Amino acid sequence: MYIPLEPYGKVEKIRLVIFKDFESIVINNIELNSGWPFQFNIFRFLLGFSILFISLYLLFHEFKYTDEGISKAKRIFVMGGTAIVTIGIVLSIQHIVPVAQSPSKEYNELVEAILNGRVYVEESNDTVLNGMINPYDSNLREKEGAEFYWDTAYYENRYYVYFGVVPALLIYLPYRIMTGHGINTLSVHYILDVLLILAGFFLVNEMRKKYCEKLSLIMQVLFSITFSVSVGTILIIKRAAIYYIAIAAGLILVLFGLGLWMNTIAKGRVKLVNGILESLCMALSVGCRPQFAVASFLGIFIFKDLIRTDIGKIKYLVAFIVPYIPVAAGLMWYNQVRFGSFFDFGANYNLTSHDMVHSGIHLAKIPTGLFYYLLNLPSFLPEFPYLRVMGVDCDYPGEIITEGQIGGVLFLIPLTCLCFLDLTGRIGRDGLRICCYICAFVVAITDTLMAGILTRYQMDFRLYLLFPAIYIAMEMINKMREEKHRKTGRFLVLLCLATLLMSVLTLLAQYEFPDWKHINGNPVFYCRLQSLLGN
């Protein structure tokens with residue numbers, strides 16, 4: 001480390017003060033008035049050269065954007081290899097990210113309660129908490145000295161897990177039965193990382209078969225990586241914490257569900273099993289996170305041909321609706337026995353720093369939420385980590401739960417700018433894409449009113465902007481004339497590369513707590529990244 005002190009006059013003493021409480025500090029040597037030598041980092045050179053070479057190749061190489069001559073075996077081999085490489089990179093990053101201190105105890109305790117025939121994890125024995133008029137007021141709890149379990153749902157003297165129950169049933173319970181003990185947060189993240197990448201690649205492939213069957217292999221690779229990384233993976237691997245588990249599980253189910261739905265009606269044939277499995281995935285996603293319920297409305301436009309045709313095909317539509325019934329019944333029963341309401345998932349009863357029970361629904365929050373979730377411009381820096389974290393600045397007279405912001409989805413994912421083409425009508429407006437935009441607005445508003453403005457909540461609606469963006473990109477490739485072939489294709493490649501770059505900057509930005517450079521994060525690795533990528 002070289003520090004230009006630039007003192008004036010004769011300096012007799014210099015004192016070095018280290019404020020962080022490190023376990024050990026090793027100082028090899030201290031030199032004064034030493035010049036900053038030229039440093040050549042071979043890893044930085046190779047990384048920069050590789051990125052430059054790949055970018056120039058994709059932008060200027062004369063490859064085809066459509067190709068009829070690719071065999072199915074070759075496509076499977078290349079896409080499978082690409083997915084494996086992507087998974088490897090994601091898992092290697094996940095392995096070194098900051099890990100939350102709690103080992104998913106909420107879900108493990110819920111599984112233990114289920115095995116004992118209960119829906120609550122424990123009864124409260126604290127007479128102070130049980131006797132409070134408003135136990136959800138954090139200041140009042142502290143003032144009266146109440147003892148409580150942090151970040152659990154408290155209702156009628158019992159503690160509940162307010163996170164969606166489906167991840168507990170699909171991941172935690174089977175693991176508990178097979179091994180006899182609970183699974184930790186990081187291991188669950190590994191599972192979700194793999195499934196999310198596979199789900200993203202699967203959905204893009206199904207979109208290719210439906211909208212652009214002649215899509216070239218290299219464009220499919222680029223679309224698949226861009227979609228699967230930016231739809232939510234880059235936010236999950238930012239930090240291993242229980243807060244991402246329910247959102248990621250719901251997103252995975254929706255991605256697989258959409259892919260199966262699109263595969264249900266192919267070449268004039270209806271695949272009954274695929275449609276039923278997809279509907280089951282869509283229904284289960286609500287049990288992960290209720291916000292994903294809006295994804296089911298996309299089925300109206302996917303199955304519009306079934307709705308319009310003769311009574312013979314209506315039976316398929318009925319079959320696709322049937323899986324929702326047992327799942328909905330189970331979730332409504334689960335909510336009723338816990339909180340006395342079929343539609344109350346219990347998130348408002350959590351004991352944290354905010355009283356969400358009495359916060360109310362104030363429509364004045366909506367403009368702030370939509371701006372920061374969708375339109376907030378990122379603030380760039382000329383030095384590492386290149387993306388500045390900002391707070392939420394507004395004149396709303398009440399309280400909005402917020403965390404550090406790094407930008408709205410439309411700027412963090414440059415590929416989504418293609419969605420604005422639907423305003424021009426050049427691509428041809430499509431009901432499915434319009435429904436996606438409505439879903440994005442509805443979910444962003446819901447998150448703002450019910451929870452707040454947090455970067456991880458972008459996972460709730462990124463899909464509804466990325467899906468139509470990829471759809472439009474495929475339509476643009478279909479409509480390309482020979483003289484515009486090169487220009488349009490390079491524009492799409494550039495958007496994908498910009499999106500991947502913003503994903504890297506998202507990973508480096510310090511908006512979580514703890515984050516990379518925090519003492520509870522991975523400050524050593526962060527400093528090494530700064531040395532490699534910084535100035």
Side-chain angles (χ1 to χ4, degrees), residues 106 120 124 126 128-144 146-165 241-244 246-247 250 286 288-294 331 334-336 338-374 376 390-405 408 440-461 511-513:
E106 291 90 344
Y120 63 91
S124 173
D126 186 71
V128 177
L129 182 69
N130 295 342
M132 290 179 63
I133 299 176
N134 181 18
Y136 308 104
D137 187 332
S138 59
N139 294 325
L140 187 60
R141 290 198 305 266
E142 182 179 358
K143 179 181 179 180
E144 298 193 9
E147 296 182 0
F148 63 96
Y149 287 162
W150 178 263
D151 213 7
T152 55
Y154 175 78
Y155 186 78
E156 294 185 349
N157 302 342
R158 287 177 173 175
Y159 293 106
Y160 299 88
V161 173
Y162 67 88
F163 302 106
V165 68
I242 190 172
Y243 302 104
Y244 291 91
I247 307 177
V286 182
C288 297
R289 190 159 172 84
Q291 284 88 329
F292 287 115
V294 299
L331 292 176
Y334 183 64
N335 292 336
Q336 174 66 31
R338 293 190 305 163
F339 307 116
S341 170
F342 290 132
F343 304 102
D344 192 344
F345 287 85
N348 286 341
Y349 302 120
N350 68 82
L351 298 180
T352 54
S353 58
H354 305 279
D355 181 0
M356 298 181 66
V357 173
H358 303 96
S359 61
I361 302 297
H362 302 287
L363 301 183
K365 297 179 181 179
I366 293 177
T368 302
L370 289 178
F371 173 79
Y372 279 98
Y373 273 134
L374 300 173
N376 184 26
M390 303 168 288
V392 173
D393 185 14
C394 69
D395 291 330
Y396 175 71
E399 181 184 27
I400 301 179
I401 301 173
T402 65
E403 289 182 356
Q405 300 295 307
F441 275 93
V442 169
V443 175
I445 291 171
T446 301
D447 281 339
T448 301
L449 296 178
M450 302 297 294
I453 306 173
L454 285 73
T455 299
R456 68 172 176 267
Y457 290 166
Q458 290 183 4
M459 292 171 59
D460 289 334
F461 57 86
Y511 65 87
E512 284 279 9
F513 183 83

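Reckoned from all heavy atoms, side chains included, excluding hydrogens, waters and symmetry mates. No experiment lies behind these values; they were computed from the predicted model shown.
- For Tyr162, the side chain to side chain donor-acceptor pair (under 3.5 Å) partners at least two apart in sequence or on another chain are Asp151.
- Every residue was checked against the side chain to side chain donor-acceptor pair (under 3.5 Å) condition with Asp137, not counting sequence neighbours, and none meets it.
- Between Glu147 and Val128 there is no side-chain heavy-atom pair separated by less than 4.5 Å.
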Going by atom type alone, with no hydrogens or angles, which donor-acceptor pairs under 3.5 Å involve a side-chain atom of residues 342-357 and a protein atom two or more places apart or on another chain?
residue, atom, partner, partner atom, Å
Asp344, OD1, Gly346, N, 2.9
Asp344, OD2, Tyr349, OH, 2.8
Asn350, OD1, Thr352, OG1, 2.7
Asn350, ND2, Ala347, O, 2.4
His354, ND1, Glu399, OE2, 3.1
Asp355, OD1, Val357, N, 3.3
Asp355, OD1, His358, N, 3.4
Asp355, OD1, His358, ND1, 3.2
Asp355, OD2, Asn134, ND2, 2.9
Asp355, OD2, His358, ND1, 3.0

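- Residues Phe461 and Tyr373 place their aromatic rings such that the two centres sit under 6.0 Å apart.
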Please tabulate, one pair per line, all N/O donor-acceptor pairs under 3.5 Å involving side-chain atoms of residues 363-372, not counting sequence neighbours.
residue, atom, partner, partner atom, Å
Tyr372, OH, Asp393, N, 2.8
Tyr372, OH, Asp393, O, 3.2

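- Heavy atoms of other residues, nucleotides or ligands lying less than 6.0 angstrom from CE of Met450 number 12 at most.
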Q) How far apart are the C-alpha atoms of Glu106 and Ile242, what are their side-chain angles, what is the distance that settles it, and do they pass the side chain to side chain contact (heavy atoms under 4.5 Å, CB included) test? A) CA-CA 8 Å; Glu106 291 90 344; Ile242 190 172; 3.2 Å; yes
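- A distance-only check finds a donor-acceptor pair linking the side chain of Thr455 to the backbone of Gly404 [under 3.5 Å].
- Residues meeting the salt bridge (charged side-chain N to carboxylate O under 4.0 Å, His left out) test with Glu144, sequence neighbours left out: none.
- Heavy atoms of other residues, nucleotides or ligands lying less than 6.0 angstrom from CD of Gln336 number more than 12.
- Nearest heavy atoms, Asn376 versus Met390: ND2-CE, 3.6 Å.
- For Arg141, there are no salt bridge (charged side-chain N to carboxylate O under 4.0 Å, His left out) partners two or more places apart in sequence or in a different chain.
- Using a 4.5 Å heavy-atom threshold, the side chains of Ile453 and Ile401 count as separate.
- In this view, Tyr149 and Glu122, Thr152, Tyr159 satisfy the side-chain contact (heavy atoms from CB on, under 4.5 Å) rule, not counting sequence neighbours.
- Closest non-hydrogen pair, Met132 versus Ala146, comes out as SD-CB, 3.9 Å.
- In terms of the side chain to side chain donor-acceptor pair (under 3.5 Å) criterion, Tyr155 has no residue partners (sequence neighbours excluded).
- With contacts defined as side-chain heavy-atom distances shorter than 4.5 Å, the pair Asn130/Ser124 qualifies.
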For residues 441-448, please give each side-chain donor-acceptor pair under 3.5 Å, one per line with the distance, not counting sequence neighbours.
residue, atom, partner, partner atom, Å
Thr446, OG1, Val442, O, 2.7
Asp447, OD1, Gln291, NE2, 2.8
Thr448, OG1, Ala444, O, 2.8

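- Listed by chain and residue number, Tyr154 satisfy the side chain to side chain donor-acceptor pair (under 3.5 Å) test with Asn157 (two or more places apart in sequence, or in another chain).
- Evaluation of the salt bridge (charged side-chain N to carboxylate O under 4.0 Å, His left out) rule for Arg456 yields Glu403 as partners, not counting sequence neighbours.
- In this structure, Phe148 and Asp126 have side chains that are not in contact, with every pair of non-hydrogen atoms separated by 4.5 Å or more.
- To the nearest 0.5 Å, atoms CD1 (Ile247) and CE (Met459) are separated by 5.5 Å.
- The side-chain contact (heavy atoms from CB on, under 4.5 Å) test applied to Arg158 returns Tyr120, Glu123, Tyr160, not counting sequence neighbours.
- A pairwise comparison of heavy atoms in Cys394 and Ile400 identifies SG-CD1, 4.2 Å as the closest pair.
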